[in-house]
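Predicted model only: the values in this text are computed from it and were never measured. When a residue number appears, it is its place in the shown sequence, counting from 1. Each ligand, and each atom within it, is numbered from 1 in the order the structure gives. Hydrogens, waters and symmetry mates are skipped; everything else that's a heavy atom, side chains included, is used.
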Amino acid sequence: MHIAPHIARAVAAGAPVVALETALIAHGLPPPFNLEVALQAEDLIRQGGALPATIGVVAGRPTIGLTADEINLFANREGILKTNISNLAWTITRQAWGGTTVSATMKLAYRAGIRVLMTGGIGGVHRDVEKTLDISSDLRVLAETPMFVVCSGTKAILDVRKTFEYLETMGVPVIGYQTDQFPAFFSRTSGVKLDMMAATLEEVVRVGQTHWATGHHSAVIVAVPIPSEAEIPQPEVEAALSHALAEAEQAQVVGKALTPYLLSTIEKLTAGRSLRANVALLLHNAQVAAALSRIWANTTS
Ligand code: PSU
Ligand code: MN
């Protein structure tokens with residue numbers, strides 16, 4: 001594993017660092033938006049007083065703190081694997097490039113001493129789970145890795161309620177940041193009520209500290225709704241999604257290929273609004289994660 005020297009120094013000094021994933025760059029967003037948002041998110045984290053550490057597997061080498069040139073390659077190179085914890089070793093052994101999902105990114109980030117990660121939406125339980133048993137390995141890793149994960153809920157294409165129930169079963173606290181609903185990615189509300197709502201990030205940090213101090217080893221999810229001006233109302237998302245799901249079934253798209261397929265179909269059906277919403281929530285989450293990591297650094301130093 002290669003840790004960029006400035007990241008290693010920051011971690012050793014207890015300075016704020018925010019981890020970012022690369023599956024989103026390589027597989028979740030189309031060019032040129034993927035590169036733009038990846039670099040902008042890093043900038044916003046720096047402006048927020050923290051260091052961004054984008055993480056991926058570069059020609060077989062897990063790398064913590066990619067350079068802008070490397071991020072550019074993740075955004076544009078052909079044949080990048082989608083790397084989760086089950087194929088991380090494979091990606092390394094084959095000296096392949098791997099865009100790391102939340103699961104693999106968390107594992108690598110935590111080993112490097114980073115305790116805050118941001119993304120758009122975590123993986124979770126798929127809607128047709130009864131048929132496919134498709135449950136993201138993100139949930140496994142969230143259950144066993146003590147980090148703050150800043151996100152806008154789960155990917156819109158998943159079953160929000162089942163994902164929430166799974167998280168509760170695995171002992172992963174889900175704290176609504178200024179919301180009492182588990183956000184539904186493109187929409188601020190999902191109908192799934194949260195019983196933990198924090199008005200401030202200081203409060204979120206205190207809950208995390210207490211969670212880990214009481215012997216727990218799971219992540220703490222900081223659920224941040226998309227900014228209102230970028231929101232797509234839930235009925236509209238649902239309509240686009242049921243179309244996309246039907247198309248995917250017809251085209252027999254399953255497994256890891258499903259997310260990219262559904263997202264690009266929804267993008268067409270919403271005339272690009274879903275893409276703008278995705279960018280907006282990512283940039284907002286970057287700001288929240290930077291602020292959170294600073295409070296965390298102050299608390300622990
Ligand atoms: N959310 C998105 N787009 C994505 C992802 C999440 O809006 O591409 C990625 C993240 O990297 C997440 C992964 O960790 O999808 C989960 O994939 P899977 O369901 O195959 O585990
Ligand atoms: Mn899956």
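Remark: Arg273 engages Glu236 in a salt bridge, criterion side-chain N to carboxylate O under 4.0 Å. Between Glu249 and Lys131 there is a salt bridge, since a side-chain N of the basic residue sits under 4.0 Å from a carboxylate O of the acidic one. A salt bridge links Glu130 with Lys162; the closest basic N to acidic carboxylate O contact falls under 4.0 Å.
The neighbour count for Arg294 CZ, taken as heavy atoms of other residues, nucleotides or ligands under 6.0 Å away, does not exceed 12. Environment of CZ in Phe33: sparse, with no more than 12 heavy atoms of neighbouring residues, nucleotides or ligands closer than 6.0 Å. Counting non-hydrogen atoms of neighbouring residues, nucleotides and ligands closer than 6.0 angstrom, the CZ atom of Arg127 exceeds 12 such neighbours. Counting heavy atoms of neighbouring residues, nucleotides and ligands inside a 6.0 Å radius, atom CZ of Arg46 exceeds 12 of them.
For the Mn ion (ligand 2), the neighbouring protein N/O/S atoms at less than 2.8 Å, given as residue and atom, are Asp134 OD1.
The nearest non-hydrogen atom to atom 12 (C) of ligand 1, considering only Val125, Asp138, Asn34, comes from Asp138. When the options Lys155, Arg140, His27 are ranked by their closest heavy atom to atom 15 (O) of ligand 1, first place goes to Lys155.
Proximity to Leu24 (heavy-atom distance under 4.0 Å) selects the following atoms of ligand 1: 3 (N), 4 (C). Residue Glu21 approaches ligand 1 through these ligand atoms, each under 4.0 Å from one of its heavy atoms: 10 (C), 11 (O). Each of the following atoms of ligand 1 lies closer than 4.0 Å to a heavy atom of Phe185: 7 (O). Using a 4.0 Å cut-off to heavy atoms of Ala23, the atoms of ligand 1 that qualify are 11 (O). Heavy-atom proximity to Gly28, at under 4.0 Å, picks out these atoms of ligand 1: 8 (O). Listed by atom number, the atoms of ligand 1 under 4.0 Å from Leu263 heavy atoms are 3 (N), 7 (O). Taking every heavy atom of Lys82 and a limit of under 4.0 angstrom, the matching atoms of ligand 1 come to 17 (O), 18 (P), 20 (O).
Scanning the protein for heavy atoms near atom 6 (C) of ligand 1, the closest one is Gly121 O, 3.1 Å. The nearest heavy-atom contact from the protein to atom 21 (O) of ligand 1 is Ser136 OG, 2.7 Å.
By the 30° and 60° cut-offs, the orientation of the rings of Phe164 relative to Phe182 is tilted.
A cation-pi arrangement is not found for Arg61 relative to Trp97, the charged atom failing to lie both closer than 6.0 Å to the ring centre and inside a 45° cone about the ring normal.
Among residue pairs with one or both ends in residues 189-213, those qualifying as salt bridge (Lys or Arg N to Asp or Glu O under 4.0 Å) are Asp180-Lys193; sequence neighbours excluded.
The two atoms that bring Asn285 and Gly120 nearest to each other are ND2-O, 4.0 Å, heavy atoms only.
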